[in-house]
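Reviewing the structure listed below.
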Protein chains: 2
Amino acid sequence: MRADAERSRRRILDAACEVFLERGPDAPLDAVVRRAGVGPATLYRRFPDREALVRALVTDLLARLTEAADQARLTEADPHRALRRFVHAAADLRMGAAIVVLLERLVVDEDLVAVRRGAVTAVEALLRAAQDAGRLRADVGMGDLVLLCVRVSRPLPGALAALDADGSLVHRHLDLALAGLAAEPDGPAGPPLGFDEVIAAAGRPGEPAPGGVAE
Amino acid sequence: MRADAERSRRRILDAACEVFLERGPDAPLDAVVRRAGVGPATLYRRFPDREALVRALVTDLLARLTEAADQARLTEADPHRALRRFVHAAADLRMGAAIVVLLERLVVDEDLVAVRRGAVTAVEALLRAAQDAGRLRADVGMGDLVLLCVRVSRPLPGALAALDADGSLVHRHLDLALAGLAAEPDGPAGPPLGFDEVIAAAGRPGEPAPGGVAE
DNA sequence: AACGATACGGAGAGATTTTATCCGCTTCAC
DNA sequence: GTGAAGCGGATAAAATCTCTCCGTATCGTT
């Protein structure tokens, strides 16, 4: 692949990430084009339709996410610090986008499910380790973690996005939220939210639930 | 005002709140109409243009918010519990919408500024009280509180919204986040984010800063 | 119960936005 | 230097959004 083609691809993927995060998975591709600063033809040449773009984006993000999780685990000895490091990296990677876009709008095939499972496994390892070390509430599940991260690291709506031009606010709030996940629950607990529930909510099975919900 | 007119007004306002939260302040009014289950004419009859709708919505929300804050303060003796109660009430009221929509898209007049100031004062009282009681980190400002609430109580994007059909997940995550704001900062602190910064970021002065930023 | 007034929703015209393609010019790799 | 691959702007076709007209239904009152 030629160098300029690769560059365009990257710019489109990055732009798509931001745009989908801000405007949802149905955002006009036109907006992606404008943000990326490329011509429409360039996008449509590389990604024949929305699905192709979404799939490429998700694959890319999941791979980077998995790597970030593994690296955090290997770099930081302390489980809680490892989790924290990962969460911040995930925010930088726009983890939210992967989740947001992945869970609907996406025709899931085996490859993608495998990639996703890899990411989930890697993050779960971090979560479990922190919990085993007693540094994280036991009643917090993958779903909670993921959803909280998505929520906190999502760009602020509209003009407010300017508040966090450099992303430091996200990291600040991520730390505050993370402190709330630390051990010693004093608030009312509740069953942890698993990642499977999140997947199920997306409406598209991916890995069809045993029961198999109709419609 | 006739009973059915009042009913329509309420449905439109509620729908607008959800829609603006989900799709931003420029969301098509058509979407509001669909969500409200009324005819387009009904919306345009009541609210001649977008601004009228936004203004009515914001006024309505700020009033309810102020009331919720005052009531929380009066009902709960413990400052931290009062704050917590308020935050949950604010989530139910879709406080985020007020903020999201208020801060741009809104031609601010004196009435509105007064209403807003009233709300800010009421919430600030809660915040200060909790901090004075040592139940809340001192390095958390109104801006942090508001933004965290907006982030956590905003509806999840797309199909994920179904995860929280009854809103219980928001309350769960609000509690988790709130725990992180409790006393004993162990993470890296930083200057608290004030509400004025949030206002300033919205681009429209409202109450022009002393310095007065051009443009 | 009946009446006048008010409000409602659907159909749809016109404007705007979005999608997707063609083609002449530029950039890259060899 | 050359051929192939890639790029962006212009633009046609489709979809969406804004806003109004008008016949029908609902409300409050007598």
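Model, not experiment: these values are computed from the prediction.
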Test item: B/Arg50 side-chain N/O and B/Ala27 main-chain N/O as donor-acceptor pair under 3.5 Å: yes
B/Asp4: partners by side-chain contact (heavy atoms from CB on, under 4.5 Å), with sequence neighbours left out: B/Arg2, B/Arg7
Polar side-chain atom of A/Asp175 near backbone of A/Arg172 as donor-acceptor pair, under 3.5 Å: no
Listed partners of A/Ser8 passing side-chain contact (heavy atoms from CB on, under 4.5 Å), at least two apart: A/Thr42
Side-chain donor/acceptor of B/Asp144 to backbone N/O of B/Leu193, under 3.5 Å: yes
Length of the CD1-C1' vector between B/Ile12 and C/dC8, whole Å: 11 Å
For chain B, the stretch of DNA chain D it reaches, first to last nucleotide, under 4.0 Å of its heavy atoms: D/dC17 to D/dG28
Flag, side chain of B/Asp164 to backbone of B/Leu169, donor-acceptor distance under 3.5 Å: yes
B/Ser8 side-chain N/O to C/dC8 phosphate OP1/OP2 under 4.0 Å: yes
Where protein sits on nucleotides 18-30 of chain C, one letter per nucleotide: B base, S sugar-phosphate only, - none, heavy atoms under 4.0 Å: SBBBB----BSS-
side-chain hydrogen bond (donor to acceptor under 3.5 Å, both in side chains) involving A/Asp70 - partner list, sequence neighbours excluded: A/Arg73
Touch class at under 4.0 angstrom, heavy-atom based, for B/Arg46 against every strand present: sugar-phosphate
Pairs where residues 23-67 of chain A contributes a residue and the test ring-ring contact (aromatic ring centres under 6.0 Å, His included) is met, not counting sequence neighbours: none
